[in-house]
Number of protein chains: 2
Amino acid sequence: MNDQQEELAKYIKKMGGRLTPSRLLILKEIYRRHDHFDAEALCSELQKTHKSVSLASIYRTLPLLLDAGLIREIKTNNKKKLYEHVLGHHHHEHMICEECGKIIEFGDNPLERNIHQICERKRFLPKSHQIIITGICKECG
Amino acid sequence: MNDQQEELAKYIKKMGGRLTPSRLLILKEIYRRHDHFDAEALCSELQKTHKSVSLASIYRTLPLLLDAGLIREIKTNNKKKLYEHVLGHHHHEHMICEECGKIIEFGDNPLERNIHQICERKRFLPKSHQIIITGICKECG
DNA sequence: TTGTATGCAAACCATTTGCACTTTA
DNA sequence: TAAAGTGCAAATGGTTTGCATACAA
């Protein structure tokens with residue numbers, strides 16, 4: 001049982017829920033891929049393998065994983081919600097190219113420190129944050 | 001004719017469009033209010049006054065105003081899109097309280113400078129950006 | 001065994017769109 | 001008067017939900 005599975009098991013136990021095969025399949029697929037995905041992409045990928053999970057279950061599981069801190073939501077301009085897994089990755093933010101749609105990840109410690117300072121100053125207890133820069137990437141510009 | 005109306009006129013002329021009463025009504029209402037609003041709130045507010053505008057027209061006008069740089073979209077966790085007007089306001093970012101739903105605005109020059117530096121470093125041409133911090137505000141915490 | 005999770009299909013609901021009619025330039 | 005905008009109602013499509021069934025604890 002790896003980190004993310006233990007984390008999920010712990011969260012589900014705390015919530016009085018059940019660690020089902022579907023939930024594990026979803027979690028595994030999310031940690032197998034290293035990109036930004038939406039519910040449908042996850043569903044069709046799982047269908048390609050033998051064991052598939054209904055879209056409904058995926059939609060019911062994603063909020064759990066979000067709340068458990070196992071995935072993060074990325075707010076793009078699309079109407080579909082995008083997600084990425086969290087464990088085993090440095091914390092980072094996103095740039096989105098308006099031209100080619102590419103999502104570029106970047107990390108910046110001073111920036112993150114700054115955000116926490118602002119929260120302290122405002123006495124706001126941050127649970128999560130997100131920075132999105134929209135524009136034109138160097139290939140398209 | 002005030003700043004925002006001139007700006008809209010200029011934008012619409014550039015695009016080969018037409019400056020209609022509906023578009024002006026929408027713009028005026030947006031600049032009359034100083035909060036974060038969605039398409040429906042705008043529509044029902046306009047209905048209270050004598051001249052109302054259809055929801056469809058509002059949905060067709062908001063992207064124009066966005067592209068003209070007259071409004072900004074705020075990506076919350078809600079499924080409705082929120083907007084705020086831009087002209088006459090300092091640039092700022094948002095904190096959202098998970099508990100009471102309050103949206104807190106904050107501005108920070110070092111933070112903004114940092115973002116632009118990062119873009120230069122990555123040779124990414126930023127058109128817009130947005131920082132959202134989710135958590136618990138000092139009243140709720 | 002018993003309450004929780006799943007799958008299916010139907011419901012939801014913010015947003016978009018087709019179309020006939022107005023209106024701006 | 002010709003191209004663009006509007007209102008209405010219908011369509012769209014991602015997400016949610018009710019319900020009967022399956023299953024983890």
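Just so it is clear: chains get the letters A, B, ... in the order the sequence lines come, proteins before strands, and each one is counted from 1. Keep in mind that this is a model prediction, so the values were computed, not measured.
- Of the candidates D:dG14, D:dT6, D:dA24, the closest approach to any side-chain atom of A:Glu40 belongs to D:dG14.
- Using a 4.0 Å cut-off, some side-chain N or O of A:Ser22 falls inside it from OP1 or OP2 of C:dT6.
- In this structure, the nucleotide among D:dA24, D:dA4, D:dC8 sitting nearest to the side chain of A:Pro21 is D:dA24.
- Put simply, OH on A:Tyr59 is 16 Å from P on C:dC8, counting in whole angstrom units.
- Proximity of a side-chain donor or acceptor of B:His36 to a complementary backbone N or O of B:Leu82 within less than 3.5 Å is not detected.
- Within 6.0 Å of CZ in A:Arg33 there are more than 12 heavy atoms belonging to other residues, nucleotides or ligands.
- The side chain of B:Lys79 has D:dG14 as its nearest neighbour among C:dT6, D:dT6, D:dG14.
- The interatomic distance linking B:Lys13 (NZ) with D:dA4 (P) rounds to 16 Å, in whole Å.
- Distance, B:Met15 CE to C:dA25 P: 17 Å, rounded to whole Å.
- Atom C1' of nucleotide C:dT15 and atom CG of B:Leu82 are separated by 15 Å, given to the nearest angstrom.
- One finds a side-chain N or O of A:Ser57 lying less than 4.0 angstrom from the OP1 or OP2 phosphate oxygen of C:dG7.
- Side-chain polar atoms of A:His129 and B:Glu93 form no donor-acceptor pair below 3.5 angstrom.
- For the pair A:Leu55 CG and C:dC12 P, the computed distance is 19 Å after rounding to whole Å.
- When distances are taken from the side chain of A:Lys81 to each of D:dT15, C:dT17, C:dC8, the shortest belongs to D:dT15.
- Closest approach to the B:Arg18 side chain among D:dT6, D:dG14, C:dT23 is made by C:dT23 (side chain taken as heavy atoms from C-beta onward).
- Atom-to-atom, NZ of A:Lys80 to C1' of C:dA14 comes out at 17 Å; the value is rounded to the nearest Å.
- Between A:Ala39 and B:Arg23, it is B:Arg23 whose nearest contact on DNA chain D lies nearer the 5' terminus.
- Atom CG of B:Leu24 and atom P of C:dT24 are 11 Å apart (whole Å).
- Separating the CG atom of A:Asn77 from the P atom of D:dG14 is a distance of 16 Å, rounded to the nearest angstrom.
- For the OP1/OP2 pair of C:dT4 and a distance below 4.0 Å, the side-chain nitrogens and oxygens of A:Thr20 include no atom meeting the criterion.
- The B:Ala56 side chain lies nearest to C:dT17 when the options are D:dT6, D:dA4, C:dT17.
- For NZ of B:Lys10, the number of neighbouring non-hydrogen atoms (other residues, nucleotides, ligands) closer than 6.0 Å is 12 at most.
- Residue contacts shown for B:Arg60 include a base, since a base heavy atom lies under 4.0 Å away.
- Atom-to-atom distance recorded for B:Ile132:CD1 and B:Ile74:CD1 is 7.5 Å, nearest 0.5 angstrom.
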